[in-house]
Structures are given as structure tokens and as C-alpha cells.
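The structure appears below as C-alpha cells.
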Number of protein chains: 2
Amino acid sequence: MTAGSPDTTPDGALPRPRGGRMPRRERRVQLLESALEVFVAQGYHAAAMDDIAERAGVSKPVLYQHFPGKLDLYLALLDASCDTIIDGCREALASTTDNKDRVAATMKVFYSYVASEEGAFRLVFESDLTSEPDVRERVDRVTIECASMIADVIRTDTGLPDEASELLAVSLVGMAQVSARFWLAGGGGITQDDAAALIAGLAWRGIRGYPMTDDH
Amino acid sequence: MTAGSPDTTPDGALPRPRGGRMPRRERRVQLLESALEVFVAQGYHAAAMDDIAERAGVSKPVLYQHFPGKLDLYLALLDASCDTIIDGCREALASTTDNKDRVAATMKVFYSYVASEEGAFRLVFESDLTSEPDVRERVDRVTIECASMIADVIRTDTGLPDEASELLAVSLVGMAQVSARFWLAGGGGITQDDAAALIAGLAWRGIRGYPMTDDH
DNA sequence: CTGCACGCCGATCTTGACCTCCACGATGTT
DNA sequence: AACATCGTGGAGGTCAAGATCGGCGTGCAG
């Protein structure tokens, strides 16, 4: 009549063994990993601190000895994920000077980001805490920063005005993120590389012919 | 030094006068309007039923005499907003047989939707209740339905396989919705028509040359 | 004039989630 | 080998927000 095995959780994610103590630094990263898994699977609001602690195989007070509160924990993970995509985008743009390759490389970065095992992209593209200004600011900053870097290229290579360059760049980012998310949700009808290449082709055909450009 | 007038709320939205009774049907639509304003301004979680009732100038029990719960109220508004954009998208696609015009018309629909006074698009594109399956299903359905209609055109006019057509269509939808949202947030640097035309141009240049098409 | 029905409001209950207090056991020292 | 110490664990407080009950005022039929 009691629960059969106390090691099984309702949703199938088994907590780590209640192993003994651990160096502080190591414990911290383990807590971050556990928190990421829970936030990704359940969203911010549905995720309880109890869930995160249980997932890590510790009790709640230790969680609060490492992070002052739920929001701080979330922001730490969110910041890391934001940096991942922004840095990846920057590196892709810097990896070549051929704009067609730039588009392809950047698209690949978005697809890799979305496909990454941990699912951290959900914190950025599917956050359920957008009413919190700190979160909203970071989420928006991802699109704005990525778009801004792309807009620089567009502006210098085409001479379009600032606002138009920014809007075009935002469009490309939107195309990348939305298509990547739905490619992932669609299950593997198309391989990651094929999908990225297909959308990169669409983006490049759209952007390549812009007004002018005396560079070739 | 005390608050000047008790009619002013912190966020500047003034509640309707505590006017007397009202026919039931009329009261219902008024409650829906008030709820939309609050949900748009604050998001689902931050919006309290007290806020909605106060905004409507009634007390909470009245709200519960019209809607069984917070989620039902939200879903009613969400459904209406989903239908608005899906129907608009369908009509835009049916409004002409020239694909260039189709792209322009559809883009215009997205920009109008986002620019509409009530801001109902936020329930769809910026929902903070995606952990709720009922909400998730409706939000995803907007992109999927719009993309599906566009994919039909792409597939029949180019002969591309289903998966590729769908992914291209999703990309165009993503471009439209993300760029429209950031155009709105950017404040009026570009007029609505100019922005829609600019992005429509980008989309059309991208999609027009696809593999084949014996129609001209 | 009087009784009735209807819709509305103030005040309250309860749930659930974030956040801390008292006992236990493992480790390093003498 | 015995003791002090520090980290760990379970149980509990607080509070916000969704959801609900007895009284009140108003308009109408008789």
C-alpha cells in the first residue's frame, strides 16, 4: 500500500543517488545542471524548488546556500544560454568574409543551439517569465544583439539606412529561430544540416541582391 | 503627499467607474475587454483576478459568475486572437493568385495584427503560459496553420517535397512575426507599410526563385 | 404600500510555493 | 579511541492569489 519504490518520480526523471558530500564548486555545477533540466522540462512557474533539490539528490536548504532565490538561479542559467547563442552568432559572422558563407554558418549555429542536448534554448525562446523585466531584457537582448551584428554587415555592404538594416537583420534572426524550433519539434523528417542549409539558402536568396554594393 | 486621486492605479490604467448593474451579455463582453487589457499589459501569471475585476469596475464574484476560472477566461481571449491572425492569413493568401502579391498581402496582415490597438497578439506571440498544454497547442497551431497554408502554395508552385515546403513556410512566418514584433517595439522609425513592404521584399526575393515552376 | 427576486459586494478559506529552524551523522584532531 | 565541528535533512512559517459565502440595494408585481 505504500509507494512501491521511492526512487521513481512521477515524471520518470530519476533523482541522482543520495550520495554523500561533495566539494562546493562541484556541487554548484551539479545544482545548475539539475535546475536546467527541471526548468527546461517544466518551465519556470511549474518548476518547484523542491523538484530541483530532489533532482540533484539534496535537500532544499543546500540549494539556498548556493543561490539566494529561484529567480537568481533561473537568471544564471538564462545568462549562460544567452551568451551561448550570442557568442556563437558572433563567431559565425567572424568566421569568414563571404556573406553567403556567413549566412550558412550563422544558420548552422542556430540549428545547433536548438538541437543541443540540454534544451537550454527553451529558456530563451520559450520562457514563461517574460513578465519579469530582468528576463524580458535578456531574452530581447539575444535577438537584438544577434540582429545588430548582422545589421552591421548589411549596412556596410549595402548602404541601407540603419533602421532598414536592423529590421532586415531581425527578420533573418526570426526566420532562423522559428524555423529551427519547428524543425526540432517536427521530429527528424529532415536532417539538421539539410534543414539549416535549406533555410540558409532562403535567407541568402532574400538578402543577397540588396540595393547596392559596389564590392563585386 | 498621499496619493492624489484614488482613481489612479499604479500602472496608469484607470478602472471604469463603479457603475451600476448591467445586462448579463453586455457585462460579459466588458469583462472580456478588461481581461484582455490586463493580460496584455501584465501577462498571465502577473495578472490577478482582482486586477481584472477592478479594471472592469466590478468585484471578483461577478467575474466568477461569468467564467469558471482564470484559465477559461484566458483561453477564450487566446482563441479569439488566434482566429484573427489565422483568418487574416487565409484571406490574404486567397486575395490574389500572384505570389508576389500574396507575400506582400500576408506580411501586411502580420503587421496589422501586431499593430492593432488592443495588443492581443501578445497572447499568441508572447504568452507566458506555454507550459499549459491547452495554451501551447493553440499558440503552436497559429504558426502551423499559417505555415501549412503557405506551404500548400509553395508545394504546388515549386514541386518541393512536403517537409521542405513546410519548413520554408515556417521560416517565412517566423520572419513575419519576429520582425513585426520588433518593428513595433522599436518605435516608429519606419512606417508600418514601409516595414511590411521591406520584409515582404526580402521574403519574396528569397522564395521566388525556387527550384521550379513551369508557370512562367 | 409591501413583499419578492436578482444581481452585486465585502470578507473569508484554502492551496501551494518560496523560504528557514532543530536533530543527526561523518570527519579531523589529540 | 573519544570528542568537537560542520554540513545535511525533515518539518514548519509566511504570504500571495485563486475561489467562494452571507448581507444589501434596487426595481417590479400585486
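Every heavy atom of this structure was used, including side-chain atoms; hydrogens, water molecules and symmetry mates were not. Proteins get letters first, then strands, A, B, ... in listed order; numbering begins at 1 in each.
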Search all heavy atoms of [X] against all heavy atoms of [Y] and return the closest pair with its distance.
X: Tyr64(A); Y: Gly69(A); value: CE2-CA, 4.2 Å
X: Leu202(B); Y: Ser171(A); value: CD2-CB, 3.8 Å
X: Phe125(B); Y: Arg181(B); value: CB-CD, 3.6 Å
X: Leu160(A); Y: Arg155(A); value: O-CG, 3.4 Å

For atom [atom1] of [X] and atom [atom2] of [N], their distance in whole Å:
X: Tyr74(A); N: dC18(C); atom1: OH; atom2: P; value: 14 Å
X: Glu132(A); N: dC18(C); atom1: CD; atom2: P; value: 14 Å
X: Leu63(B); N: dG10(C); atom1: CG; atom2: P; value: 14 Å
X: Arg28(B); N: dG7(C); atom1: CZ; atom2: C1'; value: 17 Å
X: His66(A); N: dT8(D); atom1: NE2; atom2: P; value: 7 Å
X: Phe39(A); N: dA17(C); atom1: CZ; atom2: C1'; value: 13 Å
X: Glu54(A); N: dA17(C); atom1: CD; atom2: C1'; value: 15 Å
X: Asp72(A); N: dC19(C); atom1: CG; atom2: C1'; value: 13 Å

Exercise for the section: Describe, in one word, how the ring planes of Tyr44(A) and Phe39(A) are oriented to each other, choosing from parallel (under 30°), tilted (30 to 60°) and perpendicular (over 60°). Expected result: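 Rings of Tyr44(A) and Phe39(A): parallel, under 30°.
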Handout entry: N-O pairing of Arg136(A) and Glu126(B) below 4.0 Å
Key =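 Yes, this pair counts.
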Fill in the blank from the handout: Its contact letters, B for base, S for sugar-phosphate only and - for none at protein heavy atoms under 4.0 Å, make nucleotides 21-27 of chain D read B---BS-
Problem - Residue pair Thr191(A) / Asp194(A), side-chain donor-acceptor N/O under 3.5 Å - result: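 There is such a pair (donor and acceptor under 3.5 Å, judged by atom type) between the side chains of Thr191(A) and Asp194(A).
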Using modelled atom types and a 3.5 Å cut-off, is there a donor and acceptor pairing between side-chain atoms of [X] and backbone atoms of [Y]?
X: Thr84(B); Y: Ala80(B); result: yes
X: Trp183(A); Y: Ile190(A); result: yes
X: Ser81(A); Y: Leu77(A); result: no

Handout entry: Five-pair end axes of the helix from dC1(C)-dG30(D) to dT30(C)-dA1(D), angle between them (10°)
Key =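 It works out to 20° between the end axes.
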Give me the distances for all protein-to-nucleotides 16-19 of chain D N/O pairs that come in under 3.5 Å?
| residue | atom | partner | partner atom | Å |
| --- | --- | --- | --- | --- |
| dG18(D) | OP1 | Ala47(B) | O | 3.3 |
| dG18(D) | OP1 | Lys70(B) | NZ | 2.7 |
| dG18(D) | OP2 | Met49(B) | N | 2.9 |
| dA19(D) | OP2 | Tyr64(B) | OH | 2.7 |
| dA19(D) | OP2 | Lys70(B) | N | 3.2 |
| dA19(D) | N6 | Lys60(B) | NZ | 2.6 |

Practice task
May I ask you to verify if any side-chain N or O of Arg27(B) is less than 4.0 angstrom from the OP1 or OP2 atom of dC8(C)?
Solution key: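 So the side chain of Arg27(B) is within the cut-off, an N or O lying under 4.0 Å from OP1 or OP2 of dC8(C).
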Practice task
Answer yes or no: does atom NZ of Lys108(B) have more than 12 heavy-atom neighbours from other residues, nucleotides or ligands under 6.0 Å?
Solution key: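 No, not enclosed.
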